[in-house]
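First the proteins, then the strands, lettered A, B, ... as listed; each starts at 1. No experiment lies behind these values; they were computed from the predicted model shown.
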Number of protein chains: 2
Amino acid sequence: MTLSDATDDLHRLIETRLRRVDQRYTSGRRALVDLLIKEGRPVSIGDIADALPELPRSSAYRHLVDLQSAGVVRRIATSDEFARFELDEHLTEHHHHLICTTCGQVLDVTPSTAFERTVSRQLAGMAAAHGFEPTSHQVDVLGTCTSCAQPAS
Amino acid sequence: MTLSDATDDLHRLIETRLRRVDQRYTSGRRALVDLLIKEGRPVSIGDIADALPELPRSSAYRHLVDLQSAGVVRRIATSDEFARFELDEHLTEHHHHLICTTCGQVLDVTPSTAFERTVSRQLAGMAAAHGFEPTSHQVDVLGTCTSCAQPAS
DNA sequence: CTACTTGCAAATGCTTTGCAGGAGA
DNA sequence: TCTCCTGCAAAGCATTTGCAAGTAG
């Protein structure tokens, strides 16, 4: 299976999910999804506007709402004031984030299964102690990314 | 040492931190800090306005900015659009969050040292693989809190 | 044909800021 | 008495929405 076959499958799956909630997979939505796939990291509305200048911001916002309710896109928690979005983990792979506190960029990292096993078990225990029903978790590492660590050269 | 002694120490430490950045520990700021101590969980601006109706929102926002730059308060990442704030971990204890995806409430949980040791080591490894310099981490568990799990009775 | 989509512009609502008076050291 | 703090009102700005025209099925 080639890379583009995999991408095609992804698009078909997304279309199905949209159909489930009576929504269509239009060119604007597909352009947005393509961007998310290409970037492979959470993007902000600003990123979207830069990459897709022909897509009005209001449409981008509406697409994101629709894609979220279809379970295709997820809004992630950020430390700054800008909302960021990424493909739902069901369409990609469970991962965590390296958040640069200087420039706000977010990188995805895939954890080892051993790590996940430990974390999940421990978190389930902590949650249970508070009568909390866990559904998922997210781990963010805050720090400085490569670019920001470089002295201005 | 009694509980109130400990709280007094905390207030003195906060005052010192504010002084460092040429800021004063006024009654409005103290009221805000007292609320954060009392709640012991991240609070939103709305929570603050409800608890301290005499404190104008604009002052609350300004206090939060000042307290953040003094390293007393931290703005946490949330999944919804409302900013939430809590005392900096240096003043409390390292902890993680149980975030209710239904009502938005956030609970603090303190992890075991074994858990923290494992997580820190693993995360440092992941970060290093991307040339990322980690400074801290945050773990959030998403799910349903006790109140929201209850059938409406 | 009927229902979902889109663009534009206007509205919303959280958050920030200018300014003038008040207060801490 | 110099600097920081506060309140109010006005401004900013990311996000949402009304409406009318476009388009998929």
Among Leu91(A), Val73(A), Val72(A), the one residue meeting side-chain contact (heavy atoms from CB on, under 4.5 Å) with Leu36(A): Val73(A)
Residue pairs passing the salt bridge (charged side-chain N to carboxylate O under 4.0 Å, His left out) test where at least one lies in residues 14-23 of chain A, sequence neighbours excluded: Glu15(A)-Arg19(A)
Salt bridge (charged side-chain N to carboxylate O under 4.0 Å, His left out) partners of residues 95-121 of chain B, not counting sequence neighbours, each pair once: none
Interatomic distance where [atom1] belongs to [X] and [atom2] belongs to [N] [whole Å]:
X	N	atom1	atom2	result
Phe85(A)	dA14(D)	CZ	P	14 Å
Leu18(B)	dA23(C)	CG	P	20 Å
Glu54(B)	dC8(D)	CD	C1'	16 Å
Arg29(B)	dG7(D)	CZ	P	11 Å
Leu67(A)	dT5(C)	CG	C1'	13 Å
Asp47(B)	dC14(C)	CG	P	13 Å
Leu64(A)	dA14(D)	CG	P	16 Å
Arg57(B)	dT6(D)	CZ	P	18 Å

Checking all strands, does Asp22(A) fall into the base, sugar-phosphate, or nothing category for heavy-atom contacts under 4.0 angstrom? sugar-phosphate
Where along nucleotides 17-25 of chain D does protein come under 4.0 Å, by heavy atom, of base (B) or sugar-phosphate alone (S), with - for untouched nucleotides? BB-----BS
For Tyr25(A), which residues count as a ring pair (Phe, Tyr, Trp, His ring centres under 6.0 Å) partner, sequence neighbours excluded? His11(A)
For His137(A), ring pair (Phe, Tyr, Trp, His ring centres under 6.0 Å) partners two or more places apart: His94(A), His96(A)
Using the test side-chain hydrogen bond (donor to acceptor under 3.5 Å, both in side chains), find all partners of His130(B) that sit at least two apart in sequence or belong to another chain. none
Taking side-chain hydrogen bond (donor to acceptor under 3.5 Å, both in side chains) as the definition, give me every residue that meets it alongside Thr144(A), ordered by chain and number, with sequence neighbours left out. none
When you get a sec, tell me which of dG7(D), dT15(D), dC5(D) is the closest nucleotide to the side chain of Pro56(B)? dG7(D)
Closest of dG7(D), dT6(C), dG7(C) to the Ser59(B) side chain is dG7(D)
Over its full length, what angle do the end axes of the helix from dC1(C)-dG25(D) to dA25(C)-dT1(D) make, each axis taken from five pairs and the result rounded to 10 degrees? 40°
Let me have the donor-acceptor pairs involving side chains of residues 49-66 of chain A, under 3.5 Å, with sequence neighbours excluded, atom names and distances please.
residue: His63(A); atom: ND1; partner: Arg29(A); partner atom: NE; Å: 3.4
residue: Asp66(A); atom: OD2; partner: Arg29(A); partner atom: NH2; Å: 2.8

Between Arg30(A) and Asp34(A), does any NZ, NE, NH1 or NH2 come within less than 4.0 Å of an OD or OE carboxylate oxygen? yes
